[in-house]
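When reading the values below, keep in mind they use all heavy atoms of this one structure, side chains included, and skip hydrogens, waters and symmetry mates. In what follows, chains are A, B, ... by sequence order, proteins preceding strands, each numbered from 1. Since we're looking at a predicted model, the values are computed, not measured.
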Protein chains: 4
Amino acid sequence: MARPRTVTRVHQAVLAMVGEIGFARLTMEGIATRAQVSKQTLYRSWPSPAAILFDALLASSSAPNGEIQVPDTGQLANDLEALLLATVAEMNDAAHDTMLRAVTAEIQTDPALATDLRTRLLDPQLRAVAARLAEAGVQDPAAITELLYGPMFHRWLLRTGPLDTDWAQAHLQRVLKAIDWSTSSP
Amino acid sequence: MARPRTVTRVHQAVLAMVGEIGFARLTMEGIATRAQVSKQTLYRSWPSPAAILFDALLASSSAPNGEIQVPDTGQLANDLEALLLATVAEMNDAAHDTMLRAVTAEIQTDPALATDLRTRLLDPQLRAVAARLAEAGVQDPAAITELLYGPMFHRWLLRTGPLDTDWAQAHLQRVLKAIDWSTSSP
Amino acid sequence: MARPRTVTRVHQAVLAMVGEIGFARLTMEGIATRAQVSKQTLYRSWPSPAAILFDALLASSSAPNGEIQVPDTGQLANDLEALLLATVAEMNDAAHDTMLRAVTAEIQTDPALATDLRTRLLDPQLRAVAARLAEAGVQDPAAITELLYGPMFHRWLLRTGPLDTDWAQAHLQRVLKAIDWSTSSP
Amino acid sequence: MARPRTVTRVHQAVLAMVGEIGFARLTMEGIATRAQVSKQTLYRSWPSPAAILFDALLASSSAPNGEIQVPDTGQLANDLEALLLATVAEMNDAAHDTMLRAVTAEIQTDPALATDLRTRLLDPQLRAVAARLAEAGVQDPAAITELLYGPMFHRWLLRTGPLDTDWAQAHLQRVLKAIDWSTSSP
DNA sequence: GAGTAATCGAGACGGTACGTCCCGTCTTTCC
DNA sequence: GGAAAGACGGGACGTACCGTCTCGATTACTC
């Protein structure tokens, strides 16, 4: 629908602005002005600042289809640790933190965005981790994935404690204890 | 600060309105009109609709200081199951769901509200559960509490799956496996 | 210029729309949509909804060059009465009323349309009446024409009173009294 | 409703702007900006630029209730000539011309403004003239008033000819011929 | 009958204004 | 003398049209 030139300008504008003034002060009007684009053009393609931001994030991401790389060295514990530490690093990155909080808040209100986020980002990511677990012979891999990510999400979103390397490693040990193995020990 | 009569009217108004039109459409203007109170009076006591709602929730709650009752029959597994099922029921209650989501979204933006929520609601609750775990001889009770609540929060907020009794019971089993005991086995 | 097929569709659309939504809500965009014609095509041929409407009126009129038939039975008073009553009937016709008011309003702003209206509709009409008066031996026929039509226009446009048969006949009597005759009395 | 200070600023702005850019380019938005007033304040008091302009005209007029002074020297012909020439002068004044044309066009669309104009400006004016005629013994003074003003209005609004002193005097002679006197000659 | 130009529909686009909602401040009025 | 009532400047909302501008796809003349 929208011309590539238009989309590019909007994405650049919204990414720059969210860094400068924060998500809460993003407005359709402001983005239109900054992107040198008319409000109508904005509304033709996106219903809200959150939708624009999400789109911009996906487009600028290295994996626009939401795929993530789960390391697979054969050593499950090592692989999961690498995965967790990468996620922790991402959550501690100011830009990512801001944007993920904004989108998380927004999906509480906006069902369309919620669906989008789930199908295009969240589900593929969780499924990839669960697949790695299943490959290693973990029983109920989806539940273990939840056990892995849930506490991290809780700690991060509600700021109940620091999200650092030490915590992540201790957390991983607890999760590993909870695993049921299909045939042999890990 | 404000007269008791005023506070009462505002609380009633905001609780009624959040049920009727949802949190996202609460405005200071609307609350003032509904509560038959001047905008000036509202602003004198609260900075935002979220703050008013939070205040109203605390005031209307049976435990205004945020305390919760953790069952203690001596049987840890049974007690935790009761606790989890109670929380699941609460999350599945439409009114609670709406308000908790709204407040969760809001604290991503409003640091003052975030602090308030954490110190007056969240922390006391988590501490109470951790205390029960500690009493039963669980090592690192705060981490196990996180392991208990984190996945539930993740599943609920991001709607990655149904939050029902079956899930809660299976989840509890996994968490129990992750526990280190100080002296004897469970 | 434009293809006949295009012109026809535009004329039909504009005449239908002015009846349905009134002149004030005619837009180039709306006419284009209704006529299944692109905006570009519209702008190529007409500068404004008023111009389109005026064009459509002329095209649909029985006398596209603006000529009117002034009755000539030899009895001036009778002929003028017939003329006046016909005009009164026209003014009381809702469709005519709407369109004439719209065009009258528009020419206060749009000089090109004003010139068009005057040369293609108004002047020929007034000249035809003046010619009939001159033939009957009336001195200064243009002024008498003005005396005849001016009050009717005033009463109609400003709605200072009903425009009916009784008024028209009484009015005619007053105008007749004002006439100077070139040779003999009437 | 609106504060005097606000009303003053709006009136000044609209009168200045109509002189600078013409009525057709007046917008609520532009007036608000120029008057240093918010759009909401404007809309609270007036529905359209035409209504503001009309209000400003009445307020700035020497006779805010629409009354006019009809000269009364006892010599009807002289008095009417003075009246006509004054009106002609007014119509030839650029500012008056612009504003009267704008309001005349507007009332074709806006019934509320039409009523306002008629009751507050037009009717009082016509009644005053009719009263002067009645006093002089003229039969059906309202009709004669219409005969006096109608052609002038027609000539002015449709620009069918120059509106000057010569025409006005000749026109007056014709109207005087049409008068019926109740008892004695003028 | 094929080429070639004019004409068209469709609709994206930068813009301006619309009329509304709500913000947070300020003033007036009343009890 | 504290509160209701509400006017106010301001900013953003989401929509409607404006007039311009590519696009391909007909059309309809020319060779």
Side-chain angles (χ1 to χ4, degrees), chain A residues 1-7 9-10 24-49, chain B residues 1-3 5-7 9-10 21 24-33 35-49, chain C residues 1-7 9-10 21 24-49, chain D residues 1-7 9-10 24-49:
Chain A
M1 183 181 285
R3 295 180 190 161
R5 174 183 151 82
T6 302
V7 174
R9 290 204 286 183
V10 171
R25 291 170 56 202
L26 280 186
T27 64
M28 293 299 266
E29 195 123 15
I31 296 168
T33 303
R34 171 71 164 257
Q36 297 268 69
V37 143
S38 83
K39 277 169 64 176
Q40 202 57 254
T41 298
L42 231 47
Y43 279 106
R44 235 192 308 266
S45 301
W46 301 276
S48 68
Chain B
M1 183 192 283
R3 294 180 188 162
R5 174 181 149 81
T6 301
V7 174
R9 290 204 287 183
V10 171
I21 62 175
R25 290 169 57 201
L26 282 186
T27 64
M28 295 298 268
E29 194 126 9
I31 297 168
T33 303
Q36 297 270 66
V37 145
S38 83
K39 281 168 63 178
Q40 203 53 259
T41 302
L42 266 199
Y43 278 106
R44 212 173 293 125
S45 302
W46 302 277
S48 68
Chain C
M1 183 192 285
R3 294 178 188 161
R5 174 182 149 80
T6 301
V7 174
R9 289 204 288 182
V10 171
I21 62 173
R25 291 169 56 200
L26 282 185
T27 65
M28 296 298 268
E29 193 124 12
I31 296 167
T33 302
R34 171 73 164 256
Q36 296 269 70
V37 145
S38 83
K39 281 168 63 178
Q40 202 54 259
T41 303
L42 267 198
Y43 279 106
R44 211 174 293 125
S45 300
W46 302 275
S48 69
Chain D
M1 183 179 283
R3 294 183 190 158
R5 173 182 150 83
T6 302
V7 175
R9 289 205 285 183
V10 171
R25 291 171 54 203
L26 281 185
T27 65
M28 294 298 267
E29 195 125 13
I31 296 168
T33 302
R34 172 70 165 258
Q36 298 268 68
V37 143
S38 81
K39 278 168 64 178
Q40 199 59 252
T41 299
L42 231 47
Y43 279 104
R44 234 193 307 268
S45 300
W46 302 275
S48 67

In whole angstrom, give the distance that lies between atom [atom1] of [X] and atom [atom2] of [N].
| X | N | atom1 | atom2 | result |
| --- | --- | --- | --- | --- |
| B:R44 | E:dG24 | CZ | P | 15 Å |
| C:L42 | E:dA10 | CG | C1' | 13 Å |
| A:R5 | E:dG14 | CZ | P | 8 Å |

Can you name the nearest heavy-atom pair linking [X] to [Y], along with the distance?
| X | Y | value |
| --- | --- | --- |
| A:L42 | A:A32 | CD2-N, 3.6 Å |
| D:M28 | D:W46 | CE-O, 3.4 Å |
| C:V37 | C:V10 | CG2-CG2, 4.2 Å |

What does the list of N/O pairs under 3.5 Å between the protein and nucleotides 12-17 of chain F look like, with a distance for each?
from   : atom 1 : to    : atom 2 : distance (Å)
F:dC13 : OP1    : A:M28 : N      : 3.0
F:dC13 : OP2    : A:M28 : N      : 3.3
F:dC13 : OP2    : A:E29 : N      : 2.7
F:dG14 : OP2    : A:Y43 : OH     : 2.5
F:dG14 : N7     : A:K39 : NZ     : 2.9
F:dG14 : O6     : A:K39 : NZ     : 2.6
F:dA16 : N7     : A:Q40 : NE2    : 3.1

Next on the checklist: By nearest atom, which of the nucleotides E:dG14, F:dG9, E:dG9 is closest to the D:V37 side chain?
Outcome noted: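 Looking only at heavy atoms from C-beta outward on D:V37, the closest nucleotide is F:dG9.
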Item to check | Pair A:R9, A:T6: side-chain N/O donor-acceptor within cut-off below 3.5 Å | outcome: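 No, because no side-chain N or O of A:R9 sits under 3.5 Å from a partner of the opposite role on A:T6.
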Checklist entry - So what is the end-to-end bend of the helix from E:dG1-F:dC31 to E:dC31-F:dG1, with 5 pairs used at each end and the value given to 10 degrees? => result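 What I find for the helix from E:dG1-F:dC31 to E:dC31-F:dG1 is an axis angle of 20°.
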Item to check | Min side-chain heavy-atom separation D:R44-D:T41 under 4.5 Å | outcome: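 In contact.
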Item to check | D:S45 vs D:V7 side-chain heavy atoms within contact, under 4.5 Å | outcome: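 With C-beta onward as the side chain, the pair stays apart.
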Next on the checklist: Please report the interatomic distance NZ(C:K39) to CD1(C:I31), rounded to the nearest 0.5 Å.
Outcome noted: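 Nearest 0.5 Å value for the NZ-CD1 distance: 12.0 Å.
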Checklist entry - Could you state the interatomic distance from OG1 (C:T27) to CZ (C:R34), rounded to the nearest 0.5 Å? => result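 Going from the OG1 atom of C:T27 to the CZ atom of C:R34 covers 11.5 Å.
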So which protein nitrogen or oxygen atoms get under 3.5 Å of nucleotides 26-28 of chain F's nitrogens or oxygens?
none

Checklist entry - Mapping C:T6 and A:S38 to their closest nucleotides on DNA chain E, which lands nearer the 5' end? => result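 Checking each residue's closest nucleotide, the 5'-ward one belongs to C:T6.
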Checklist entry - What nucleic acid atoms does D:R9 come within less than 4.0 Å of, heavy atoms only: base, sugar-phosphate, or nothing? => result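 Answer is sugar-phosphate: D:R9 comes under 4.0 Å of backbone atoms only.
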